[in-house]
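Heads up, the thing below is written out as structure tokens.
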Amino acid sequence: MYKMWAVPGISSSSWSFLLVLCLVLKISVLSRGGITSSYVRKLQKSVDMPLDSDVFRVPPGYNAPQQVHITQGDLVGKAVIVSWVTTDEPGSNTVLYWSENSKLKLKAEGTVLRYKFYTYTSGYIHNCTLENLKFNTKYYYQVGIGNTTRTFWFTTPPEIGPDVPYTFGLIGDLGQTYDSNMTLTHYEQNPAKGQAVLYVGDLSYADKYPNHDNERWDTWGRFMERSVAYQPWFWSAGNHDIDFAPEIDETDLFKPYTNRYPTPNQASNSSSPLYYAIKRASAYVIVLSSYTACGKFTPQYIWLDNELKKVNRSETPWLIVIMHAPLYNSYEAHFMEGETMRVVFEPFFVENKVDFVFAGHLHAYERSHRISNINYEIVNKDCTPVRNQSSPVYIIFGDGGNIEGLNLDMREPQPDHSAFREASFGHAILEIKNRTHAYYHWHRNQDGYAVKAESKWFYNRYWHPVDED
Ligand SMILES: *[C@@H]1O[C@H](CO)[C@@H](O)[C@H](O)[C@H]1NC(C)=O
Ligand SMILES: *[C@@H]1O[C@H](CO)[C@@H](O)[C@H](O)[C@H]1NC(C)=O
Ligand SMILES: *[C@@H]1O[C@H](CO)[C@@H](O)[C@H](O)[C@H]1NC(C)=O
Ligand SMILES: *[C@@H]1O[C@H](CO)[C@@H](O)[C@H](O)[C@H]1NC(C)=O
Ligand SMILES: *[C@@H]1O[C@H](CO)[C@@H](O)[C@H](O)[C@H]1NC(C)=O
Ligand SMILES: *[C@@H]1O[C@H](CO)[C@@H](O)[C@H](O)[C@H]1NC(C)=O
Ligand SMILES: *[C@@H]1O[C@H](CO)[C@@H](O)[C@H](O)[C@H]1NC(C)=O
Ligand SMILES: [Fe+2]
């Protein structure tokens, strides 16, 4: 090899010049694809917080409501579903609520259920929908009427409109480790903290325990209450929420998840709690299920096809899709697991100019360029993703910090469609400003809550489809 250096007629200084030139070219070629962050992550194992941790404490008092959480209860944001668990006796299904500026206490009646999972029997799981709320209003609500009451509050979203600003927190694959607690804390303390959270699946990771120990669904519920009782989280289901365990005769899919986390699926005419849509401020959010059939003629396909026709970008300019398994991912972990859904649903996303597709599953962070891969037909050779300004940006933030730890191994070289990737835990924020502009930022945990690891302005695909790069 070194003989090359002695080619007659070319001085060694010309060679070093060529070498430098090659390096420069190589760097610029690589950077067309994107950036792989060189940030050095801490590599300790992620461990679950022990059962006696402060975050899992049972609230005091006889039959005290615990695991209180809320989510949107209708299509437009004038209803809220309140859920909570009591353990000593069923207690009351009533929620008392009142707006900040009113002494008038209103009452809503809910329902209660229990479920069994192998040798585990759940507490009394209540859910109650508060309806006909006023937009943009702070409400207090009280649960546990009769024995031990607890009071919480939330603020309803502003009325839907094309230029209504709104901020979403973006979190996924959280689990219940010390890292999960750090992610949640950083989200809560972020000066730009969201008004609601889009959650991309994999909640408690209870299925990592023998017989899917459902006590870990209860601890997760208690851990999360400090955020989810005060602002709605929009749930989507991950693989760790399936809880399919034929070895112990548990074959009812998503049993703990669907019994504990009701969604407003009927408001968007969905027959399954696993996929649904909501409008909020200037956004239309479509929640899909990576673990429910999506082929042509399946209920999810028919529903999505129908749902996309209802989107009116003059009313809700921002069209956001969330799911668990990413359609584009350049890490080794879960590589191409989203292909089944991509092949079927990606043409919908591009034709409808979806702004963002958010996913989790990968325990790391990755953001794509605007790309599509919809031209391939089995007889042609068009099977490479291409830049397309009609396409969504695909962002993976399954980096909440669960017991499985980080996915560190990336595929090399970084493919052209990948804009930025880094294997750190963290959370992200999407600040919608008006119909054209949204400011997005991702925060890795190690930097502290106020520091952005990356940030970017995004432009609406319907109103201002300008290339952000
Ligand atoms: C809890 O409330 C119910 C109904 O209000 C009542 O029947 C029951 O005696 C109460 N239990 C205790 C321990 O106070
Ligand atoms: C979790 O985070 C909260 C808020 O930062 C803190 O008060 C609490 O002690 C933490 N708990 C554990 C077990 O790390
Ligand atoms: C929630 O309450 C509704 C009735 O309001 C009921 O149909 C549904 O089964 C309940 N879901 C859960 C998960 O408790
Ligand atoms: C609801 O979905 C069914 C198919 O599941 C469809 O026939 C019906 O037209 C839909 N209704 C609305 C209002 O979208
Ligand atoms: C779309 O929304 C705008 C603004 O709310 C409204 O004026 C228009 O009639 C809607 N279009 C359709 C087809 O419903
Ligand atoms: C880009 O998206 C548009 C809109 O769906 C589509 O018509 C076009 O074929 C796509 N272009 C490429 C190169 O994929
Ligand atoms: C939309 O928001 C962006 C960012 O805040 C701002 O620069 C722009 O002027 C706004 N557009 C309108 C029409 O107000
Ligand atoms: Fe997952």
Side-chain angles (χ1 to χ4, degrees), residues 46-57 67-74 79-86 90 93-95 108-115 122-131 143 161-167 174-190 192-193 217 219-227 235 237 241 252 254-267 271-274 276 282 317-318 400-401 427 430-440 445 448-449 455-460 463-464 466 468:
S46 300
V47 289
D48 271 0
M49 294 179 282
L51 290 173
D52 61 0
S53 297
D54 52 0
V55 292
F56 298 149
R57 233 177 260 143
Q67 305 177 45
V68 179
H69 56 89
I70 61 171
T71 197
Q72 185 163 316
D74 67 354
V80 166
I81 303 174
V82 180
S83 306
W84 70 99
V85 174
T86 53
N93 295 330
T94 305
V95 176
E109 208 53 42
T111 54
V112 63
L113 58 78
R114 296 181 101 172
Y115 73 90
S122 76
Y124 303 93
I125 304 174
H126 306 256
N127 96 75
C128 175
T129 304
L130 316 184
E131 287 169 329
V143 289
D163 291 297
V164 179
Y166 202 77
T167 302
L174 197 52
Q176 43 193 306
T177 69
Y178 292 99
D179 294 296
S180 324
N181 195 33
M182 193 188 287
T183 302
L184 186 62
T185 303
H186 282 195
Y187 169 62
E188 293 171 308
Q189 296 185 359
N190 194 317
K193 177 186 168 185
W217 275 101
T219 52
W220 199 76
R222 294 200 291 272
F223 161 48
M224 296 300 291
E225 184 188 89
R226 73 180 205 235
S227 174
W235 305 110
D241 308 315
D252 191 358
F254 301 102
K255 193 202 261 185
Y257 172 75
T258 53
N259 279 306
R260 290 166 185 271
Y261 293 93
T263 62
N265 60 296
Q266 281 159 9
S271 56
S272 165
L274 301 172
Y276 60 97
S282 46
W318 295 92
H427 74 277
L430 179 68
E431 300 180 47
I432 295 173
K433 302 293 186 189
N434 51 36
R435 77 182 67 194
T436 54
H437 286 62
Y439 184 57
Y440 167 86
N445 282 355
Y449 55 83
S455 61
K456 196 171 172 66
W457 281 96
F458 286 110
Y459 308 129
N460 186 272
W463 289 101
H464 191 56
V466 168
E468 294 103 342

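Each ligand, and each atom within it, is numbered from 1 in the order the structure gives.
- Atoms of ligand 7 found under 4.0 Å from any heavy atom of Trp457 (numbered from 1 in listed order, with element): 4 (C).
- Within ligand 2, counting atoms from 1 as listed, the ones closer than 4.0 Å to a heavy atom of Val55 are 1 (C), 11 (N).
- Those atoms of ligand 2 that come under 4.0 Å of a heavy atom in Met49, given as number and element, are 12 (C), 13 (C).
- Separating the CG atom in Leu113 from the NE2 atom in His126 is a distance of 9.0 Å, to the nearest 0.5 Å.
- Annotation: the span from Thr258 atom OG1 to Tyr115 atom OH amounts to 9.0 Å, rounded to 0.5 Å.
- Minimum heavy-atom separation, Leu430 to Tyr440: CD1-CB, 4.1 Å.
- Side chain to side chain, Ser272 and Asn265 fail the donor-acceptor criterion of an N or O pair below 3.5 Å.
- When only non-hydrogen protein atoms are considered, atom 12 (C) of ligand 2 lies nearest to Asn181 ND2, 3.2 Å.
- Distance screen at 4.0 Å: atom 2 (O) of ligand 3 has a protein heavy-atom neighbour inside the cut-off.
- Contacts between Leu113 and ligand 3 below 4.0 angstrom, taking non-hydrogen atoms only, involve the side chain exclusively.
- Between His437 and Trp457, the ring planes are perpendicular. Angles over 60° get that label, and only those under 30° would be called parallel.
- Atom 13 (C) of ligand 7 has Asn434 ND2, 4.6 Å as its closest protein atom, hydrogens excluded (heavy atom only).
- When hydrogens are left out, the protein atom nearest atom 8 (C) of ligand 2 is Asp54 OD2, 3.1 Å; that is the closest non-hydrogen contact.
- Some N or O of Thr185 is nearer than 3.5 Å to an N or O of ligand 2, by distance alone.
- Taking every heavy atom of both residues into account, Gly221 and Tyr261 meet most closely at CA-OH, 4.0 Å.
- Between Thr111 and ligand 3, an N or O atom pair is found at a separation short of 3.5 Å.
- Distance from atom 10 (C) of ligand 3 to its nearest protein heavy atom, with residue and atom name: Asn127 ND2, 2.4 Å.
- Ligand 3 has no nitrogen or oxygen under 3.5 angstrom from a nitrogen or oxygen of Thr258.
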Verdict with reasoning, Arg435 to Asn460, per side-chain contact (heavy atoms from CB on, under 4.5 Å): CA-CA 7 Å; Arg435 77 182 67 194; Asn460 186 272; 5.9 Å; no
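- Side chains of Ser180 and Thr177: a donor-acceptor N/O pair is present below 3.5 angstrom, by distance only.
- From Arg57, atom CZ reaches atom OG1 of Thr219 across 14.5 Å, with rounding to the nearest 0.5 Å.
- When each atom of ligand 3 is checked for a heavy atom of Asn259 under 4.0 Å away, the hits are 13 (C).
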